[in-house]
Amino acid sequence: MTVEYTLQHILLLVALTLALIFTYKTLVERDLIEAIVYSAGQAVAYGLAFIALMAPDLALAYIAVGVGIYSALFIIVVSHTERYEKE
Amino acid sequence: MVKLKDVCIGLSLAVVAAIVSYLIISYNIASVAPEANRPLANMFLENVFNSEKWWLWAGSPEAVTSILWDYRGIDTVYETAVFFLAIIASIALVRTLKLTPETSGRGFGLTVIAKTVTNIVFASIPIVAYSIAVHGHLTPGGGFQGGSAFAVAPLLAISVFSLRVIVMRGWSKDRLLALRTTGLLLIGLIAIIVVALSALKGIIAYVMQNQPKPWAPAGLSAIVDFINPTLISGTLFWLNISEFLAVGAGLSLVFVLLVSPTKMLDVEVEEK
Amino acid sequence: MILEVIGWIGISLLAIGALMDVIAAIGINKFKNFYLRLHAATVGIIGGAFYPLLGLGLLSLSLEQLGVIRFYIAGISFTSAFFVLITAPVGSHILARAAHRVGVMPEPIGVDRLKEDREKGVFK
Amino acid sequence: MDLAIVKSIVSGLMVLFITAIVLYTIRIIRGPTIPDMVLAVDALAYDMAVMIIALSFLFNTPYLAVASLPLVLWAYILDMYVAKYLERKSIGD
Amino acid sequence: MTKRIIASIIATTLFLMAIYIVYTGAITPMDILLGLVGSSIIASFTADMLLRNPNKLIDVRRWLYFLAYAFIYLTVIELKAHLQVVKIILHPKTPVNPSIVRIPYEVTSDYAKTTIANSITNTPGTVVVDIDDIRKVFYVHWINAKSIEDREARKHVSSTFEKYAKKIFD
Amino acid sequence: MINQLLWGYYYAVLMLILFMSIYGIAVRPNLLKKIIMLSILSDTANILAVMIGLHVGRTIPPVYPGITFTVETLPNSTSLKEFAKQAVDPLPQVLVVTAIVIGLAVLVFLSFTAILLYRKYGTLDTRDIINRIRGETQ
């Protein structure tokens with residue numbers, strides 16, 4: 001087990017656990033703006049996971065799309081429609 | 001307040017996930033796959049920049065971009081077509097929408113501090129995206145990455161300066177459509193330019209061919225003589241730039257349409 | 001020699017930054033309202049991201065054994081540091097402004113001139 | 001400078017950064033208001049930008065660093081959108 | 001008129017070129033050529049947003065003041081402010097007096113305003129909450145307000161920044 | 001053993017996220033929530049694909065290091081073989097790059113549809129939309 005390999009495991013552990021927590025919060029949140037912020041957090045965590053999986057190309061594309069464009073797109077949709085999810 | 005139903009669903013999800021991952025691990029499907037599982041990856045990695053095997057190389061140290069635009073080039077052209085279909089479908093939903101400075105909101109924007117800093121950032125994002133795109137065959141990056149990075153610039157400008165300012169600066173639907181179509185046409189042109197040139201000489205060549213092969217000795221050269229020997233990897237460089245244009249302009253177009261004021265969209269709905 | 005010094009400056013900036021980051025993360029959990037947390041977040045962003053980025057850039061400049069590619073890392077760190085320096089304060093400012101307008105009021109507070117002025121109608 | 005020493009120091013400091021990330025996550029989840037959460041997401045993203053460059057040292061692969069600048073810039077756009085929505089309820093205005 | 005536009009396009013091109021070169025971290029002839037092409041295209045679209053008066057760029061004194069300000073700000077002022085807030089975080093018993101105070105300013109150009117506001121926000125302990133362009137006032141949330149009078153507060157918070165910003169940008 | 005456990009944990013987490021997002025798409029009534037969960041679903045699928053390309057001990061991205069525009073020497077077969085022994089599989093990454101951007105375009109299309117549906121029926125709740133449509137047809 002080299003140093004790099006251990007580090008990779010630590011990073012994947014942190015990133016995927018964060019992603020799990022954020023996805024759960026996105027699922028249960030009724031306020032859609034909060035859900036969008038949680039999903040942005042999930043995107044940051046996945047960006048770290050892509051780095052740990054040695055895919056800088058994907059990290060570039062995914063961070064631009066996941067953190068920036070997805071959240072902006074969803075907020076635009078909320079601004080045209082409604083903010084709270086019904087029970 | 002935890003309901004029984006939620007607990008049941010959560011538990012069953014966890015159990016199924018555990019079983020599936022146990023199966024994946026115990027049958028050696030993914031995590032600890034042996035070397036025998038990746039001859040294709042080794043082939044790509046060994047030959048992508050190997051000038052000794054010039055009939056297999058792509059002339060680029062970046063395996064991802066070379067596979068994207070050379071080994072699987074036609075596939076990527078079709079993927080780009082899918083991308084444009086999705087964008088055209090989005091535009092078709094609001095096809096009668098006409099954005100003029102009068103109809104595009106009141107133009108408030110945010111505070112002067114945000115506007116000044118966003119001026120700098122708005123000018124810098126395109127140059128960073130451009131850098132990502134033109135170095136696509138040398139370092140991680142490429143047309144798709146650069147294009148999606150560029151699309152953030154109009155998004156930022158729309159929220160900070162307001163849509164009205166953007167429309168007054170000339171970001172009209174027609175211009176962005178023209179830019180996007182130019183990118184697409186350039187991809188098509190580069191795809192057939194090698195075939196066209198070699199047809200004039202009477203040599204066989206493939207569509208999307210990058211480097212020459214023994215049975216099809218046509219193709220753009222990977223290293224050109226520009227002051228120093230400069231690596232531009234044949235068609236990869238040009239394809240990256242055109243994809244950058246196409247993706248960036250296409251996404252900008254959709255976002256400019258998407259933030260158009262709510263009452264404009266209402267008119268759209270009533271006309272249907 | 002000079003490279004050695006630059007490298008140690010870089011490492012110390014990185015170390016200070018990491019420390020600042022943990023302190024800021026503690027502070028952001030400890031403070032009671034949004035406006036106080038803003039100050040902790042500033043420590044976390046400027047002390048915990050800007051200075052480490054500068055430090056990493058200096059560190060990579062000093063490592064000669066990396067070859068040409070060290071300029072690549074250094075360039076990315078310096079550009080990132082520059083953008084952190086100019087965008088992060090605007091983000092905080094815009095968030096604070098939006099929060100005040102939505103009605104997230106700082107409690108407890110000595111004086112709130114902004115609220116007074118907006119109630120008086122001096123500032124819309 | 002010796003690369004091995006630098007690497008061991010940097011990998012020691014990574015522990016601090018990961019601690020900070022976990023603490024920021026706690027604030028994102030607890031955050032009573034939306035600005036709180038966005039602020040914590042910001043700080044998280046900036047931290048990760050630092051971590052990514054440090055990782056490119058530790059993995060000996062400079063190309064990993066490339067994702068740092070997007071992370072810095074796109075955290076900014078999240079701020080702008082959330083703030084604009086809270087303030088005006090309409091993005092294009 | 002046209003001379004000014006050309007000057008601002010050239011200045012913007014140089015700025016974008018600097019970002020491009022630093023970001024890519026390589027100076028081969030091809031890099032420089034591509035950078036010049038790309039940054040001049042982008043500059044021709046964005047120059048009028050970035051620069052209104054390119055003549056100020058030639059003034060060497062402004063650059064010297066800018067460097068001096070950057071050095072002082074990034075070392076001394078930031079260090080002091082950081083220590084203050086770190087003390088408050090680590091010792092919860094430290095008496096604090098959070099307040100939103102008015103800080104008047106007297107500069108005119110947008111860049112000067114932004115420099116002052118960003119300098120205030122970037123030092124931990126003070127955050128610009130809002131800005132009134134007409135009455136020329138920043139509303140600043142101050143974690144440990146030493147004074148709530150406008151003039152006094154300005155002396156504590158932004159007098160240094162304003163002095164330099166006026167010399168650099170106005 | 002610990003290796004096996006760690007990888008099992010990663011796959012379990014990814015599977016959980018996958019199932020959670022499918023649950024969100026299927027059960028949650030709000031259209032925008034469905035779209036958000038769809039984005040998470042596609043991202044998780046991408047992560048899984050890339051994870052399968054990562055083999056044990058591979059800690060280099062699939063880019064041959066140290067090349068700028070100006071080339072002095074091209075690498076020979078031996079150094080490339082050495083590189084191939086350490087780098088990760090590039091093929092899943094290639095598939096995912098296009099998938100990310102196309103996923104974005106599809107999500108934009110879905111967002112347009114959601115906005116127009118809201119403008120027509122005044123709600124994003126699928127149950128309400130179905131009721132309105134039935135009311136119109138009867």
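Every heavy atom of this structure was used, including side-chain atoms; hydrogens, water molecules and symmetry mates were not. First the proteins, then the strands, lettered A, B, ... as listed; each starts at 1.
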* Asked: Residues in side-chain hydrogen bond (donor to acceptor under 3.5 Å, both in side chains) with A/Y46, at least two apart?
  -> F/T44
Spacing of [atom1] belonging to [X] relative to [atom2] belonging to [Y], to within rounding of 0.5 Å:
| X | Y | atom1 | atom2 | value |
| --- | --- | --- | --- | --- |
| A/I63 | D/L73 | CD1 | CG | 11.5 Å |
| D/L58 | A/L7 | CG | CG | 5.5 Å |
| A/K25 | D/M37 | NZ | CE | 8.0 Å |

* Looking at D/I18, D/L78, D/I29, which makes the most heavy-atom pairs under 4.5 Å with chain A? ->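 Result: the option with the highest number of such pairs is D/I29.
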* Top residue by heavy-atom pair count (under 4.5 Å) with chain A, among D/I77, D/V41, D/V66? -> D/V66
Heavy-atom contact with chain A under 4.5 Å, split by part of [X]:
| X | result |
| --- | --- |
| D/Y85 | side chain |
| D/V82 | both |
| D/L71 | both |
| D/K84 | neither |
| D/M48 | side chain |
| D/L86 | side chain |

pair [X]-[Y]: side-chain heavy atoms closer than 4.5 Å:
| X | Y | value |
| --- | --- | --- |
| D/Y81 | A/I76 | yes |
| A/D31 | D/I34 | yes |
| A/M54 | D/L64 | yes |
| A/L11 | D/M51 | yes |
| A/L18 | D/I21 | yes |
| D/I28 | A/F22 | yes |

* Structure fact -> Most contact-rich option vs chain D, by heavy-atom pairs under 4.5 angstrom, among A/S71, A/A59, A/A64, is A/A64
* Heavy atoms only, distances under 4.5 angstrom: which of A/A72, A/A45, A/A61, A/A55 has the most pairs with chain D? Name it, please. =>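 Sorted descending by pairs with chain D, the first entry is A/A72.
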* To do: Identify the heavy atoms of A/S79 and D/I91 that sit nearest to each other, and give their distance.
  =>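 Scanning both residues, the minimum pair turns out to be OG-CG1, 3.8 Å.
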* Asked: Which heavy-atom pair separates A/L60 from D/A67 by the least distance, and what is that distance?
  ->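 A/L60 and D/A67 have their closest heavy atoms at N-CB, 4.5 Å.
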* Residue A/V14 versus chain D: region with a heavy atom under 4.5 Å -> side chain
* With a 4.5 angstrom heavy-atom cut-off, could you sort out which part of A/I10 is near chain D: side chain, backbone, both or neither? => side chain
